[in-house]
Amino acid sequence: MKLAVIGNSHAACFKTAWDELLLSHLGIEPIFFASPGERLRTLQIEGDSITTSNEQAAQDIRFTSGGLSSIRVEEYDCFLMIGLGYRTPILDRRLSRAVSALAVEDCVTNSLCFHVLSLVRELAGTKIAVACQPYPTSQTIAPPLLPAEEVTQIANRKFKDRNVTFYHCPSECLMDNGYSIKQDFLVGAPRLAHNQRKLSRTFDGVRNFVHMNTQYGKLFWEKILTEIDL
Amino acid sequence: MHPYQTLDEQFFWATAVAQRSMFDIDRLWEPKFNIGKQAKVVTFGSCFAQHIGQALRSRGFNWHIAEPGPAGLSPQNAKKYNYGLFSARTGNIYTVSLLEQWVNWATGIRPMPNEIWQRDGRFYDPFRPNVEPNGFTSENELLASREAVLEAFKECILESRVFIFTLGLTESWINSKSGDEYPMCPGTVAGEFDGVRHRFVNQTFPFIRKTLSEVVVRIRELNPKIKFLLTVSPVPLTATMSGRHVLVATMESKSILRAVAGSIRDEFKDVDYFPSYEIINAPPFKGAFFEPNQRNVNHVGVAHVMNMFFTCLETTFSHEASQVKPSPGLATSRSHQHLAKISTPGGGQENQPANPENDVVCEEAILEAFSEKESL
């Protein structure tokens, strides 16, 4: 079974986690298409494929996928979007339900993630899952907060409109506020880099305040593989 | 020799007004105090105040929004739900007595009344009837929202350096029993009108002056560094309950508000008045800054007012305001040709504001829907 994993820099820990878990025996073959930041905003449909005319993004795609220049949608049984700018919005619990729902909806529809999954949807009804982008630990998250579970439920409804399954960050990784990631999952985070043939295992010192580590990737894979019917 | 002989040309009608193009009439304001780019400025008041905040932001000033919409909410939805129109989600504060209510509620002098209106299973705040266009889902949701707005309004009072307030109306509606004032007549935007419970009050000069003076003193007690800038909305009344013709009622109301603003400016060292009302309404401007309905101020008028504001600040304090280009939504004041197009009857789209995103949210205009006459 071929799984297209499309993501931004947060895809790095999913790659290193996959390599360590050696899950190939499940019959799943993930192909990564990753590019940092918003570069994949340049993705567009060309025939039966998703491609980009942006040279840097194209280079990233070739690098992370092992040489592919486009995503031929019909070749994949399932798509997994990682990060791509959609974070579960942090909402004040004093907001009305109407405003909360609109805020989540706007966050979803304006995200790069939604842009990419819409391209996939245009070409195929293939199964799509979305893994939430984590919050950097430096993010100030002050109460009173609407619980992340409630925000996730609203997001789920929006994603389900497109027949997409959404996953908030694994509960084991979350701090008590339900949004931030515990410090343990920040140590030794891998990054996307072009200095090796595959995703870099270059670790950026002791602590990366934005990206998560391989352990985080493992837990997220377990959550997805447990819940999704591949 | 008499004292007029030594006066500058700005003090003579002929040289300051009659011999000039309307766009060259300048130096209409000599600000008492500077507004630095870092100074936290908050804006409240009538519909026209919304333009001031947006203009401040577009020029790089620190327009403080204490109650922003949630991150990610689109600008269209934020505006629909009254986020970012004023510094807190109070909705329009048309009268100085409404401002006094907000100050009292936010600072704990009085609790916010527990009156809540219901319609079709939805809950409406009588004191902000339009902030949730479809009402709240429950009383608790409404009360939680009140908690947020009071907290934000209090922050504005305590932490801002400049408090800009636009006086809009003298006509008001109050609860006969409690004396609480509503921003809109019950039954228009929400609620149900009751001739016994709801009473019309056309506020007088002495009442408005006393109330505004007390508000200034009260806020300054809490925040001694705060300065006030008053303006009077140039927007005419949508409708009047005064029993007088709406044009006469409009002129009377605005004259009272204008006189109060000037009087309070003269009483307090740290209170100033900016003449946006005059810039739009004075005879030399020939009504050119109004939309075809002769009520809404067109975008050229708004731009002219705000350019005058920043130019006067710069002239007085060698301010850096002019070095910052306004956003594309704000036209320059000398757009004669543009104004000519705007004023052309049947000018098609040119009769519409250039940037609808900059339109103000004005509940008072809803009254127009209750007029049986065809509106423009």
Side-chain angles (χ1 to χ4, degrees), chain A residues 38 41 83-115 118 130 132-136 138-159 166 168 177-180, chain B residues 65-85 88-91 105-106 112 116-125 127-155 190 357 361:
Chain A
E38 287 273 309
R41 187 72 73 177
L84 292 176
Y86 179 74
R87 293 186 166 103
T88 299
I90 299 167
L91 300 177
D92 188 316
R93 67 159 66 246
R94 299 172 301 187
L95 295 170
S96 70
R97 282 188 200 174
V99 171
S100 299
L102 283 172
V104 175
E105 189 171 320
D106 287 344
C107 283
V108 170
T109 55
N110 291 325
S111 67
L112 170 58
C113 176
F114 199 75
H115 168 67
S118 296
V130 168
C132 182
Q133 182 158 319
Y135 275 100
S138 55
Q139 179 91 25
T140 304
I141 300 180
L145 296 176
L146 189 63
E149 295 80 22
E150 290 184 37
V151 184
T152 302
Q153 281 174 15
I154 301 171
N156 272 333
R157 286 198 290 273
K158 186 62 193 168
F159 279 112
F166 170 71
H168 187 49
N177 64 31
Y179 292 90
S180 311
Chain B
I65 304 289
E67 191 181 12
L73 188 68
S74 68
Q76 294 85 353
N77 283 328
K79 182 176 174 183
K80 183 178 173 188
Y81 281 81
N82 274 251
Y83 285 101
L85 302 180
R89 201 174 169 224
T90 56
W105 295 335
M112 203 164 174
I116 290 172
W117 293 338
Q118 284 189 55
R119 186 178 67 206
D120 301 330
R122 307 290 291 188
F123 297 80
Y124 293 83
D125 190 337
F127 306 101
R128 307 180 297 155
N130 202 36
V131 293
E132 288 282 325
N134 301 313
F136 292 90
T137 57
S138 67
E139 281 192 23
N140 283 341
E141 191 179 280
L142 185 154
L143 294 172
S145 176
R146 276 187 178 178
E147 184 188 316
V149 67
L150 291 176
E151 185 180 295
F153 190 79
K154 185 175 182 181
E155 180 190 317
E357 291 302 313
V361 175

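Throughout, a chain's letter reflects where its sequence line sits, starting with A, and its residues are numbered from 1.
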ask   = Hey, what do you get for CD (A:Glu105) to OG (B:Ser74), rounding to the nearest 0.5 Å?
value = 9.0 Å
remark   = CG of A:Leu102 to CD of B:Gln76, rounded to nearest 0.5 Å, is 11.0 Å
Quick check on [X] against chain A: is it the side chain, the backbone, both or neither that has a heavy atom closer than 4.5 Å?
| X | value |
| --- | --- |
| B:Thr137 | side chain |
| B:Glu147 | both |
| B:Glu151 | side chain |
| B:Ala71 | backbone |

ask   = Between A:Arg94 and B:Ala144, what is the shortest heavy-atom contact and its length?
value = CB-O, 3.5 Å
ask   = Minimum heavy-atom separation for B:Pro70 to A:Leu91, with atom names?
value = CB-CD2, 3.6 Å
query = Mind checking whether A:Leu95 and B:Tyr81 have side chains closer than 4.5 Å, heavy atoms only?
reply = no
B:Arg122, CZ: over 12 other non-hydrogen atoms inside 6.0 angstrom = yes
request  = Considering only heavy atoms and a distance below 4.5 Å, find which of B:Leu143, B:Asn77, B:Asn134, B:Asn140 pairs most often with chain A.
outcome  = B:Asn77
